Amino acid sequence: MPISWNEIKNRAFAFSKEWADEASEDAEAKSFWDGFFHIFGISRRRIASFEEPVKKLGSKQGFIDLFWKGVLLVEHKSRGKNLDKAYTQALDYFPGIAERDLPKYILVSDFVRLRLYDLENNDIHEFELQDLHKNVKLFGFVAGYQTHKIQEQDPVNIHAAELMGKLHDLMREVGYEGHELELYLVRLLFCMFAEDTGIFERQQFQDYIEERTSQDGSDLAHHINTIFQILNTPEQKRFKNLDEQLAAFPYINGKLFEEMLPTASFDNTMRQNLLDCCALDWSRISPAIFGSLFQSIMDKTARRNLGAHYTSENNILKLIKPLFLDALREEFEKIKNNKNRLIDFHNKLRSLTFLDPACGCGNFLVITYRELRLLELDILRALKGDKQQTLDLNIQSLIKLNVDQFYGIEIEEFPAQIAQVALWLIDHQMNQMVSEEFGLYFARIPLISSSTIVCGNALQIDWNEVIPAEKLSYIMGNPPFVGYAYQNKNQKADLEGVLSGLDGAGVLDFVAGWYVKAARIIQTTPIRCAFVSTNSITQGEQVGVLWSWMLAQGIKIFFAHRTFAWNSEARGKAAVHCVIVGFAAEEVSPKWLFEYEDIKGEPHQVQVKNINPYLVDAPTFILQNRRHPICEVLPMRYGSKPVDGSNLLLSDSEKKEILQHEPVAEEYIRPFLNAEEFLHNVPRYCLWLVDCPPQKLQQMPYVMKRIEKVRNMRIGSSKLATRELALMPTLFAEIRQAKTNYLLVPCHTSENRTYIPVGYFDSDVICGNANFQIPEATFYDFGVLTSLMHNAWMRTVCGRLKSDYRYSAGIVYNNFLWPQNPTEKQKQAIETAAQEVLDARAQFPDSSLADLYDPLTMPPILLKAHQKLDKAVDTAYGKTNFKTEAERVAFLFELYQKYVSCLPEKTKSTKKSSTKNQ
């Protein structure tokens, strides 16, 4: 266990004074370095291990003066000798050192001067021996006080995951698997972290393996099992004749090493792999991303099926800062100069409790604990003032926050174990920081307190059994990202059990189960909640189902991040668009909305009056799925649906083949457009046999073969309605083709587009059911629907298919509020600008709409035409110069509420929260 900095400084002062007189030509370097390392509490046995000779490569001969594998290389010269030459000589040894053993520091000296090279940070520190006591903190890595700035993107995290993944695979290949393998790896990880962070002596675990086990790995498992047993045994209960090297391991407790595991089996390759893992500097590993580190070695298919995902530290802070951290920091700043209030505030922090009901490997809990401990450290600094000595003596009793304030639920055992260990590790890292700050080593070993991580199904168990609601402060987390269409049978069953009583619950994403359970547990409590979620729960039909119920329970949103791109720590980062919703069963002020101009960028924070379920600063109401437009505009309907087994639809080559044999069929072949064909200029056709007389069909055997296939396909369907359609195999299943020119709006389009491409077509072009159509639409209709005003509305209220926009007539179009009573001049300006958009498109006849509306390739002339159209439409609405899209949407919502309030009661069809229901 490291000694205090004050003691180290005193020893350093005495050492430098002693050697100021003894550093003669005849002085012994060995005695010098024995004394030097004694300053930092390094044992004689440990020092002796530094003296093992390492020869240079090639014809050169020489021995390193002192070599601490993986840490420090010392080269000593006589008084007055050249230290540059000593450094060069030290580097000459590197080719003969195994890569994993290369040192991070080089120290050269001549009895009078000390020069330390930090090879990782490329820093050099030189000082006189008499000033050693002033520079001892440079040697924190020797004393066991070294604290790294943990970096989320540090390559060591990825390297550690790869090495541990390799060890995992090697052990599984020899038959060591399942629960035993997972717990074994967790224990190994703890040991490697412990020896790099002062829980064990530096490299204690690695040295034991290297020195006491056979190179072929045959006895390694036995020795590791012995270490595990020692770590679970209090010192006073160990054998009196226990091997000295084993006895040096501390008692850990915490039940981490309690379970007896079957003996594993290692070979040379596996032993070397474990030593490679040990050689990493585990003090640089972030416990906050242990989730992604360990999940990366799980089976990828299993991970995908469980909906597992990992949230970056930045995104975790997006949630916890507005949920509680910002308010706590603000409170601290107000009372930091008042001792009594600081003490009360400190006690308040100790009283807070946190539940993550989908905790995975504990990322949210770990980051939360770290941030609270940093706040606690600021409290101690404020309390300390100039009273350094008082805090030195009582620092352990002054640390109030502990891991027992944290609770989690995780369905898989392995991540649940990792979550508990990760909290212990971040606790130790924060204790190291306290030790560094106040100069007195502080560690909670053996482990006494622990977090409560329950391995179970969060949608099945009662959260009150994990922690009673009356003792809970916050609920937070990142439940699985599983859309309603991708849920397996078990997930659907779990969700149905939670959502019983919610009409239309079958359309809800999996995360909705966590919202509903949270809403129930927080009733009549001040508990505040926040979840990272797929943005679909705040868009489209899911809003009406989920949030109608949530609002009826008295739930109110007090902060939200609008749609942003979720960043993962895991390999193969998923392209997921997320929101964060903070809510409570009471009013919370102030309310904060985080808006993103670029979904991959940083948000702009705005204080708002209200946040509705669409995450807009606007009145709270739910848009209903309307059968007719709220305004007096042309109706929108789906295109025609084939249900043909791809036999009525034709590719370009299939069309040519039919016409080659049956030219008479040309009269009944029409261009066909679904969204793909419309957006990407894909030539496609269909057999449109609505008016084809029977005798004509008999003259087309090639066509008849395809019709027969349609009939057989429909007869073989499991759906009665489809089987009935087999009686009319020549026709589309649903025919809605306009008899006039029409406006086409694709059902799905890329989220990258600022504008949904919309197009005009005549009645000879068959509109498929992957589009909507508006017959007899005018340039004015085209102009408004193509405008930024309509597109902003669409982006806010439409559903999603993965991350693509999913347009709908019932929610998007029929609820859209068109300009009210525009003047003829305003309408003419919109029509003129709409024509200019079409003219700009026409200048690029070989470019698809997908190309024209790609933000990276959109022609400037087309962009300018759209911008002119946007101004014309904004003018018709009576408001221009919107600063953000959120402001534009808020305007539309305000307009919508005013409009609906004036409608007859029977036509409003807009739900508001009134009475509670179950």
Side-chain angles (χ1 to χ4, degrees), residues 70 98-101 156-196 200 203-232 245-246 249 252 255-280 282 285 290-306 308 361 412-418 420-421 455 570-571:
E99 183 176 356
R100 68 165 179 248
D101 294 333
V156 73
N157 291 311
I158 297 173
H159 191 36
E162 292 171 344
L163 288 176
M164 290 297 288
K166 184 178 179 181
L167 181 60
H168 169 274
D169 294 343
L170 289 171
M171 294 186 71
R172 189 169 59 179
E173 285 173 7
V174 300
Y176 203 84
E177 54 190 0
H179 162 79
E180 290 79 10
L181 172 58
E182 294 169 355
L183 183 53
Y184 204 95
L185 290 175
V186 171
R187 289 178 176 179
L188 290 177
L189 179 144
F190 182 89
C191 290
M192 291 183 289
F193 183 90
E195 68 174 356
D196 284 340
F200 297 172
Q203 294 184 335
Q204 185 177 358
F205 183 66
Q206 179 180 350
D207 286 348
Y208 185 91
I209 293 172
E210 287 188 317
E211 297 169 11
R212 304 297 294 273
T213 67
S214 302
Q215 288 192 0
D216 63 6
S218 58
D219 61 351
L220 177 56
H222 165 73
H223 282 281
I224 289 177
N225 273 8
T226 301
I227 292 174
F228 288 169
Q229 185 178 352
I230 293 297
L231 295 173
N232 193 53
Q245 204 166 352
L246 284 171
F249 284 100
I252 297 301
K255 297 186 178 181
L256 177 59
F257 296 94
E258 184 176 71
E259 181 181 342
M260 291 294 294
L261 293 178
T263 303
S265 177
F266 288 84
D267 55 27
N268 176 265
T269 300
M270 297 166 72
R271 180 178 181 272
Q272 291 303 317
N273 181 263
L274 177 56
L275 288 172
D276 287 341
C277 290
C278 291
L280 285 174
W282 287 83
I285 299 293
F290 273 11
S292 38
L293 191 156
F294 273 82
Q295 290 282 11
S296 68
I297 65 177
M298 290 173 61
D299 179 74
K300 291 183 179 179
T301 303
R303 181 172 71 246
R304 190 180 308 117
N305 289 342
L306 287 172
C361 293
E412 289 293 301
E413 181 184 16
F414 188 29
Q417 292 171 343
I418 292 296
Q420 189 169 58
V421 172
C455 183
R571 291 181 188 172

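Note: hydrogens, waters and symmetry copies are ignored here, and every other heavy atom, side chains too, is used. Computed from a predicted structure; not experimentally measured.
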Heavy-atom closest contact (Asp196 atom, Leu280 atom, distance): OD2-O, 2.9 Å
side-chain hydrogen bond (donor to acceptor under 3.5 Å, both in side chains) against Glu180, all qualifying residues, sequence neighbours excluded: none
Heavy-atom side-chain proximity of Tyr208 to Cys278 below 4.5 angstrom: no
side-chain contact (heavy atoms from CB on, under 4.5 Å) between Leu170 and Phe266, intermediate numbers included: CA-CA 9 Å; Leu170 289 171; Phe266 288 84; over 6 Å; no
For Tyr184, ring-ring contact (aromatic ring centres under 6.0 Å, His included) partners two or more places apart: Tyr176, Phe228
CG-CZ distance between Asp276 and Arg271, expressed to the nearest 0.5 angstrom: 11.0 Å
Candidate pair Met270 and Glu173, rule side-chain contact (heavy atoms from CB on, under 4.5 Å), full reasoning: CA-CA 11 Å; Met270 297 166 72; Glu173 285 173 7; over 6 Å; no
Minimum heavy-atom distance between Cys361 and Ile418, given as atom pair plus value: CB-CG2, 3.8 Å
Residues Glu210 and Gln203: side-chain donor-acceptor under 3.5 angstrom: no
Shortest non-hydrogen contact from Leu256 toward Val421: CD1-CG2, 3.7 Å
List, one per line, each side-chain donor-acceptor pair under 3.5 Å for residues 215-222, sequence neighbours excluded.
residue	atom	partner	partner atom	Å
Asp216	OD1	Ser218	N	3.0
Asp216	OD1	Ser218	OG	2.8
Asp219	OD1	Ser214	N	2.9
Asp219	OD2	Ser214	OG	3.4

Heavy-atom donor-acceptor pair, Arg187 side chain to Ile224 backbone, under 3.5 Å: no
Distance-minimising heavy-atom pair for His179 and Glu413: ND1-OE2, 2.5 Å
Contact check, side chains of Leu231 and Phe190, non-hydrogen atoms, under 4.5 Å: no
Under the ring-ring contact (aromatic ring centres under 6.0 Å, His included) test, residues paired with Phe200 that sit two or more places apart: Phe249
Leu181/His168 under side-chain contact (heavy atoms from CB on, under 4.5 Å): CA gap, chis, key distance, verdict: CA-CA 8 Å; Leu181 172 58; His168 169 274; 3.6 Å; yes
Salt-bridge criterion met for Lys166 and Asp169 (N-O under 4.0 Å): no
Criterion side-chain contact (heavy atoms from CB on, under 4.5 Å) on Ile230 and Phe257, from CA distance to verdict: CA-CA 9 Å; Ile230 293 297; Phe257 296 94; over 6 Å; no
Spatial distance of atom CD (Gln229) from atom CG (Leu261) [nearest 0.5 Å]: 12.0 Å
Residues forming a side-chain hydrogen bond (donor to acceptor under 3.5 Å, both in side chains) with Gln206, sequence neighbours excluded: none
By side-chain contact (heavy atoms from CB on, under 4.5 Å) - contacts of Glu258 (at least two apart): Asn232, Lys255
Polar side-chain atom of Trp282 near backbone of Cys277 as donor-acceptor pair, under 3.5 Å: yes
Interatomic spacing from CD in Glu259 to CG in Leu183 - rounded to 0.5 Å: 5.5 Å
Atom pair CG/CE of Leu274 and Met164 - distance to nearest 0.5 Å: 8.5 Å
Separation of Thr213 OG1 from Leu275 CG (nearest 0.5 Å): 7.0 Å
Distance, nearest 0.5 Å, that separates CD of Glu182 from CD of Glu177: 10.0 Å
